[in-house]
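For clarity, every value in this text was computed on a predicted model and none was experimentally measured. Just so you know, ligand 1 is whichever comes first in the structure, and atom 1 is the first atom listed for that ligand. When a residue number appears, it is its place in the shown sequence, counting from 1. What you see below is based on every heavy atom in this structure, not just the backbone, and it leaves out hydrogens, waters and symmetry mates.
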Amino acid sequence: MMKEPLSNIRVRFAPSPTGPLHIGGVRTALYNYFFARRQGGSMILRIEDTDQQRFVPGAEAYIIESLRWAGIHFDEGPDMGGPFGPYRQSDRKDLYPRYAEELVKKDLAYYAFDTPEELDTLRKRLEAEKAPNTSYCAAVRLDMRNSLSLSTEETRALLEEGVPYVIRFKMPAREDISVDDEIRGTVTVNSATLDDKVLFKSDGMPTYHLANIVDDHLMEVTHVIRGEEWLPSLPLHYMLYQAFGWEPPVFAHLPLLLKPDGQGKLSKRDGDRLGFPVFPLQWTDPFSGEVSSGYRESGYYPEAFINFLALLGWNPGTEQEIFSMDELCGAFSLERVGRSGARFDLDKARSFNQHYLRLRPDDELAGVLMQGLKGRGITTNPEVAVKVVSLIRERAVFATDLLEQGLYFFEAPSDYDEKVVAKRWNEGTAGQMKALAGLLDGIAPWQSPVLEGAVKEWISAEGHNMGAVLNALRLCLVGTSAGPHLFDILDVLGKEESLARIARAVERLK
Ligand code: GLU
């Protein structure tokens, strides 16, 4: 059952299944989602797959799974249907030709029969002439083979013979085109710099431009919120609305997501080169088999992922940084989306994850730890796992860190950190440890505060250096200098295991 929208606001996320969804795309979907929820409107997913050459198998399913994982819900889309379907452009392909033809009839578009060689010749000629506009444009269209330069009869004959053709938009020769953008203000471009874009291709499919405008119109989209990379297409899109006599939607072009150093756009191709995922989920390229990492598989919680992504380009105007999805939907407005690119910040992303990890209950994290241990052939009971988690959880950024950071609770150190040994283990240490083991053996009950009181008292009474003894004991138990409160470690390990580890260290570090 579809929820009744509270308003007529309709937004869409319109990805092309040409590969995995980049996190910039997820951010676009998120902002659309916030906007729709805030306004009580509808959120549409439309798959723009008219470019058959760039189609990648598995990409659509990947996109849908990514959005679902991020918690972005759609009211209409290819997997749930809706009153304006179908929502996959390849399933709508019979619908587009008549719109292209309509523009030809209105003399706002034309048939073009130029071969690839002819187009190539044109481009070379214009480049050699250093023409201000080197594309197929108003200045040269009459030099080419199209229904504007040919007679009506010649054109009809070519069409009847089945000579391949495209339909091009007849861009006005010299006209200022001004379009309002919610984020950028008024954008003005002179049409002399634009080209006669292909609207309909010889393979019987519309281009992105035509299908996108027709569908936004038919699906009654009120706001087009999309990435800045589409800004250059805005004048053409606006002209297409004019040509059809349709009211254009409100446009908002979101700032780019930049690499951490601010040098350029964070692109799909950055893959794992920069040391962090650029895709929400892990992706295996179906052609090359190349695997790119994903936020989900890297251990990010979706709450953390959307929280940091939401702040890359939008700011709440307050100091608040932690937002739930509901809070984001309530707080978001296009007025607070910046114009300049937003730099990706890995430390920030990690710190958001740490924040959300800290909200998780011990038993959930213990489950992750036990799963990790199981993978290494170690079984433990939930009580111990919960105890360990409660001791080490503060430092973990990802739940999967718990295994690495807590492994010594379940597996005695197989070797000892050389630097720590050099610093903490000297001639008298073995003797001290043996004596300390003797003391520990007699302590009851085996509980952290009891152990702490007895051990510290003994060290003082013996006149040993407190730090030296405790650090050496830690080295025996953990194998290095890290870890939580030493007496808590003893407590969890239990007497037998603790004494065994001391004996082993004394033996090995001779
Ligand atoms: N299919 C386009 C893309 O892949 C959609 C652009 C738009 O939102 O108009 O990003």
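In this pair, Tyr241 and Phe251 present their aromatic rings perpendicular. The plane angle is above 60°, beyond the 30 to 60° band. Under the 30°/60° scheme for interplanar angles, the aromatic rings of His217 and Trp246 are found to lie parallel.
Between Lys259 and Asp261 there is no salt bridge, since no side-chain N of the basic residue sits under 4.0 Å from a carboxylate O of the acidic one.
Put simply, the side chain of Phe398 reaches to within 4.5 Å of the side chain of Arg350, judged on heavy atoms.
At least one donor-acceptor pair closer than 3.5 Å links the side chain of Asn133 to the backbone N or O of Ala192.
For Arg54, the CZ atom counts as loosely surrounded, since its 6.0 Å shell holds 12 or fewer non-hydrogen atoms of other residues, nucleotides or ligands.
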Please tabulate, one line per pair, the protein nitrogen or oxygen atoms found under 3.5 angstrom from a nitrogen or oxygen of ligand 1, with distances to 0.1 Å, or say none if there are no such pairs.
residue: ligand 1; atom: 1 (N); partner: Ala14; partner atom: O; Å: 2.8
residue: ligand 1; atom: 1 (N); partner: Ser16; partner atom: OG; Å: 2.9
residue: ligand 1; atom: 1 (N); partner: Glu48; partner atom: OE1; Å: 2.6
residue: ligand 1; atom: 4 (O); partner: Ser16; partner atom: N; Å: 3.3
residue: ligand 1; atom: 4 (O); partner: Ser16; partner atom: OG; Å: 3.2
residue: ligand 1; atom: 8 (O); partner: Arg12; partner atom: NH1; Å: 2.7
residue: ligand 1; atom: 8 (O); partner: Arg12; partner atom: NH2; Å: 3.4
residue: ligand 1; atom: 9 (O); partner: Arg12; partner atom: NH2; Å: 3.0
residue: ligand 1; atom: 9 (O); partner: Tyr208; partner atom: OH; Å: 2.8
residue: ligand 1; atom: 9 (O); partner: Asn212; partner atom: ND2; Å: 3.1
residue: ligand 1; atom: 9 (O); partner: Arg226; partner atom: NH1; Å: 2.9
residue: ligand 1; atom: 10 (O); partner: Trp230; partner atom: NE1; Å: 3.2

